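The structure displayed is predicted, hence computed values, not measured ones. For this chain, numbers begin at 1 and follow the sequence in order.
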Amino acid sequence: MVSLSELDRRSRDIFRSIVESYLDTGEPVGSRNVARGLGMSLSPASVRNVMADLEHLGLLYSPHTSAGRLPTETGLRFFIDALLEVGDLSREERERINVQVRATGGKNTEQVLTEATQLLSGLTSGAAVVLTHKQDIRLKHIEFIRIEPLRALAVLVGEDGSVENRIVELPANLPSSALVQASNYLNAQIQGRTIAEVRRELERLREANQAELDQLTQKIVEAGLAVWGGESGDGDTLIVRGQSNLLTEVGAAEDLERVRLLFDDLENKRDLIQLLGLAETGDGVRIFIGSENKLFSLSGSSVVVSPYRDREQRIIGVLGVIGPTRLNYARVIPMVDYTARLVSRLVG
């Protein structure tokens, strides 16, 4: 990777000019336009020499035989890491985000997140995504209702007002009293805890022979926790809003193909969940450009994401924006960061 020290001031200014032009127009920029825009006494020939050096470093490339240049993915990464000046949101932008996201009032977490994605999509003209882990919801009530001889409906209510229903397989010859006992037992344990916390506590009680449940009832308790604890493979919820925004500036046929590939990527939700999970390994906003992530290697798209947290400051999900590699990073990064921090306060 190129270091900032390898570029003198003139090279930095020319490189910045080319990248900023690309982010603004998406078009290659030639040496004459660069020289004209820099406002310094440099001839187009001198600019071309610098552009050739930058291309040799892997920061620029020429998409066709013209003299115009575009930043490579390496160049974009270098620009974001070393040269991008990220400003703060204006008071009006903060107020708009606050008003729209807080408009959910006392609604549940999923509604807050849906509002946040709609807002980010509208403000950034990209597709907004949010990943939330269902098992991290703090619990309020659980109940088992038999619907067939060997199946029951497990109803779980979260402290945020969310309600989920899952089907639980029942052991043969299970009396109805066992369902009542299992519900009562779990309700005595779950108040204000997450599924993971409840499972750890019940394991501790079982090892200490304090579970106070017969074998059949114990199976119901374990089955009820399993469907929310990730064993069902359905522990995450993914919300995607604003895919149509990605079509607004499509011109050339190759651009249309890029967006089609991106739509295919977004449909492959399992891979997207895995990608967003990478954002949980760091703190603050993270940026993935083009082939830096396997999911978007063909569509040439960028992802700007940030985790959000619960009241104990544990990461419970990720939200962000997906768009072309020429996203307005200086605007999108603080917007994603501020929205994630606001969501943390609301869901925490």
Side-chain angles (χ1 to χ4, degrees), residues 1-31 33-34 37-38 47 50-64 66-87 120 124-129 245-246 249-252 254-255 257-259 261-262 265 275-276 278-279 282 284-306 320-337:
M1 184 68 178
V2 179
S3 68
L4 193 60
S5 62
E6 294 180 59
L7 303 184
D8 58 25
R9 181 174 179 181
R10 184 173 66 172
S11 297
R12 293 179 195 176
D13 289 342
I14 290 173
F15 177 67
R16 183 195 299 274
S17 176
I18 293 171
V19 175
E20 289 179 346
S21 176
Y22 164 72
L23 296 179
D24 184 47
T25 69
E27 299 295 327
V29 59
S31 57
N33 287 333
V34 173
L38 284 176
V47 172
V50 174
M51 291 167 69
D53 291 339
L54 293 171
E55 188 168 1
H56 179 72
L57 290 171
L59 299 179
L60 299 178
Y61 76 101
S62 178
H64 39 74
S66 73
R69 297 294 191 278
L70 291 173
T72 62
E73 288 182 2
T74 300
L76 279 176
R77 169 55 64 189
F78 174 73
F79 174 79
I80 291 171
D81 291 345
L83 297 174
L84 180 65
E85 297 177 0
V86 178
L120 280 175
T124 64
S125 299
V129 294
N245 288 337
L246 303 173
E249 297 184 20
V250 172
E254 58 266 27
D255 290 335
E257 176 64 10
R258 177 187 60 77
V259 172
L261 290 169
L262 176 56
D265 291 338
L275 168 65
L276 294 178
L278 294 175
V285 176
R286 298 198 58 188
I287 302 160
F288 301 92
I289 301 173
S291 59
E292 288 181 353
N293 62 79
K294 178 183 176 182
L295 177 61
F296 296 144
S297 60
L298 295 178
S299 63
S301 303
S302 288
V303 189
V304 179
V305 287
S306 180
V321 172
I322 299 172
T325 54
R326 65 180 195 90
L327 276 174
N328 185 343
Y329 296 97
R331 172 177 166 82
V332 172
I333 290 171
M335 203 161 284
V336 168
D337 180 55

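- Looking at T72, its side chain does come within 3.5 Å of a backbone N or O of G58 through a donor-acceptor pair.
- A distance of 7.5 Å separates CD1 in I289 from CD in E73, rounded to the nearest 0.5 Å.
- Residues S62 and G68 come closest through the heavy atom pair OG-O, 3.4 Å.
- Here the CG atom belonging to L76 is positioned 11.5 Å from the CZ atom belonging to R326, to the nearest 0.5 angstrom.
- Counting only distance, with no hydrogens or angles, the side chain of R69 and the backbone of E55 share no donor-acceptor pair below 3.5 Å.
- Residue I80 holds its CD1 atom at 4.5 Å from CD1 of I287, rounded to the nearest 0.5 Å.
- Residues forming a salt bridge (charged side-chain N to carboxylate O under 4.0 Å, His left out) with D53 (at least two apart in sequence, or on another chain): none.
- A donor-acceptor contact closer than 3.5 angstrom is absent between the side chains of D24 and S21.
- Taken from OG1 in T74 to CZ in R77, the straight-line distance is 10.0 Å, to the nearest 0.5 Å.
- When all heavy atoms of L38 and S17 are compared, the pair lying nearest together is CD2-CB, 4.0 Å.
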Query raised in the report: Passes side-chain contact (heavy atoms from CB on, under 4.5 Å), L7 versus F78? Steps please.
Result: CA-CA 12 Å; L7 303 184; F78 174 73; 3.6 Å; yes
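- Closest of all the heavy-atom pairs between P63 and P28 is CG-CG, 3.6 Å.
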Query raised in the report: Hey, mind stepping through Y22 and V29 against side-chain contact (heavy atoms from CB on, under 4.5 Å) and telling me if it holds?
Result: CA-CA 7 Å; Y22 164 72; V29 59; over 6 Å; no
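- Between the CE atom of M51 and the CD1 atom of I18 there is a distance of 4.0 Å, given to the nearest 0.5 Å.
- When ring centroids are compared, Y329 and F79 stay outside the 6.0 Å threshold.
- Here the closest heavy-atom approach between residue V19 and residue P71 is recorded as CG2-CB, 3.9 Å.
- Taking CG of L23 as the start and CZ of R331 as the end, the distance is 14.0 Å to the nearest 0.5 Å.
- Scanning both residues, S302 and G290, for their nearest heavy atoms gives OG-N, 4.2 Å.
- For the residue pair D337 and S306, the shortest heavy atom distance occurs at OD1-OG, 4.5 Å.
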Report task. Determine, stepwise, if the pair V86 / V285 fulfils side-chain contact (heavy atoms from CB on, under 4.5 Å). Result -> CA-CA 12 Å; V86 178; V285 176; over 6 Å; no
